[in-house]
Protein chains: 2
Amino acid sequence: MDNQLMSIGMVKELTGLSERQIRYYEERQLVFPARTKGGSRRYSYEDVRKIREINQKLKEGFNTFELKEKRGKKNLM
Amino acid sequence: MDNQLMSIGMVKELTGLSERQIRYYEERQLVFPARTKGGSRRYSYEDVRKIREINQKLKEGFNTFELKEKRGKKNLM
DNA sequence: CGTGTAAGGAATTCTGACACG
DNA sequence: CGTGTAAGGAATTCTGACACG
């Protein structure tokens with residue numbers, strides 16, 4: 001994981017989502033950002049892509065549990 | 001510049017250099033990181049590459065002024 | 001000249017919780 | 001369930017300066 005370099009602030013800018021939303025997706029085990037020594041999250045572009053997709057699916061009516069299932073079965077994310 | 005996303009802390013890790021060195025190369029106009037609203041520097045991979053090259057050249061005996069000239073003439077960096 | 005460091009401040013991020021629904 | 005927010009703390013980064021050489 002040499003490519004997780006964005007702070008949550010960058011992700012916030014790129015996606016337009018709130019820190020709360022971004023952290024929540026992690027809490028629900030949908031994204032797995034790295035951590036610095038200090039404990040801050042570090043995201044990759046791939047994570048940003050996932051986060052966008054998750055938010056999109058949620059808007060479409062799915063819940064985080066379904067998204068997790070879907071990932072397991074179809075390995076799409 | 002959508003790809004300047006690393007904090008100086010990340011660059012420090014990737015290059016093994018000190019913040020002082022990294023900032024100094026900017027002061028000497030050898031690298032041009034972006035800035036967040038808050039004022040922190042944001043580096044791209046390209047910047048990291050330049051920083052490594054600069055440090056290498058300095059070890060070889062060049063000074064920052066020469067490095068700036070070289071860049072202008074040969075457009076290598 | 002290139003780099004170290006202590007100084008004080010400002011911006012960032014973290015966690016756990018209460019809230020709504 | 002997904003998200004907002006106020007709370008207090010910890011880690012990060014910033015600038016300007018003094019130091020050495």
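Below, chain A is the first sequence line, B the second, and so on; all start at residue 1. Keep in mind the model is a prediction, meaning the values are calculated, not measured.
- Between A:Ile22 and A:Tyr43 there is a side-chain heavy-atom pair separated by less than 4.5 Å.
- Across the protein-nucleic acid pair, A:Met10 atom CE and C:dT13 atom P stand 10 Å apart, rounded to whole Å.
- The pair A:Arg42-B:Glu13 does not meet the salt-bridge criterion, since no charged nitrogen lies less than 4.0 angstrom from a carboxylate oxygen.
- If you check C:dC14, D:dG2, C:dT3 against the side chain of A:Arg23, the one that comes closest is C:dC14.
- Note on A:Tyr24: every side-chain N or O is 4.0 Å or more away from OP1 and OP2 of D:dG4.
- For DNA chain C, the neighbouring residues in residues 15-22 of chain B, judged by any heavy atom under 4.0 Å, are B:Ser18, B:Arg20, B:Gln21.
- For B:Gly39 and B:Asn63, each mapped to the nucleotide of DNA chain C holding its nearest heavy atom, the one lying further toward the 5' end belongs to B:Asn63.
- With C:dT12, D:dT15, C:dT3 as the choices, the nucleotide that has an atom nearest any side-chain atom of B:Thr36 turns out to be C:dT12.
- Going from atom CD of B:Glu26 over to atom P of D:dG16 covers 12 Å, rounded to whole Å.
- Here the P atom of nucleotide C:dT12 and the CZ atom of B:Arg42 are 9 Å apart, to the nearest Å.
- Look at CG on A:Leu58: it is 12 Å from P on D:dG4, rounded to the nearest Å.
- A salt bridge links A:Arg35 to A:Glu26: one of the charged nitrogens lies within less than 4.0 Å of a carboxylate oxygen.
- Between B:Ser40 and C:dT12, a side-chain N or O to OP1/OP2 separation shorter than 4.0 Å is absent.
- What separates CD of A:Glu66 from P of D:dG2 is a distance of 9 Å, to the nearest Å.
- Under the 4.5 Å side-chain criterion, counting only non-hydrogen atoms from C-beta, B:Thr15 is not in contact with B:Asn55.
- Atom CE in B:Met6 sits roughly 17 Å away from atom P in D:dT12 (whole-Å rounding).
- Taking both residues in full, the closest heavy atoms of B:Lys12 and B:Leu17 are given as CG-O, 3.0 Å, listed atom of the first, atom of the second, then distance.
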Worksheet entry | Derivation and outcome, side chain to side chain contact (heavy atoms under 4.5 Å, CB included), residues A:Glu60 and A:Gln56 | CA-CA 6 Å; A:Glu60 291 173 10; A:Gln56 182 56 38; 3.1 Å; yes
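- What separates NZ of B:Lys59 from C1' of C:dG2 is a distance of 13 Å, to the nearest Å.
- The residue among B:Gly38 and A:Thr64 whose nearest nucleotide of DNA chain D lies closer to the 5′ end is A:Thr64.
- Helical stems of DNA chain D (runs of at least 3 Watson-Crick or G-U pairs, donor-acceptor distances under 3.5 Å) are listed by first residue: C:2-5 with D:17-20, C:17-20 with D:2-5.
- Backbone-only contact: B:Arg41 has heavy atoms under 4.0 Å from sugar-phosphate atoms and none from a base.
- A salt bridge links B:Glu53 and B:Arg49; the closest N-O separation between the charged side-chain nitrogens and carboxylate oxygens is under 4.0 Å.
- Between A:Val31 and A:Asp47, the closest heavy-atom pair is CG1-O, 4.0 Å.
- Of the side-chain N and O atoms in A:Tyr25, one or more sit less than 4.0 angstrom from OP1 or OP2 of D:dT3.
- In this structure A:Arg23 satisfies the salt bridge (Lys or Arg N to Asp or Glu O under 4.0 Å) test together with A:Glu19, sequence neighbours excluded.
- To the nearest angstrom, C1' of D:dT15 lies 10 Å from CZ of B:Arg35.
- Considering only side-chain atoms of B:Ser7, the nucleotide from D:dG2, D:dT13, C:dT13 that sits closest is D:dT13.
- The shortest side-chain heavy-atom distance between B:Lys50 and B:Tyr25 does not fall under the 4.5 Å cut-off.
- The listed nucleotides are D:dG2, C:dT3, D:dT15; the one nearest the side chain of A:Arg28 is D:dG2.
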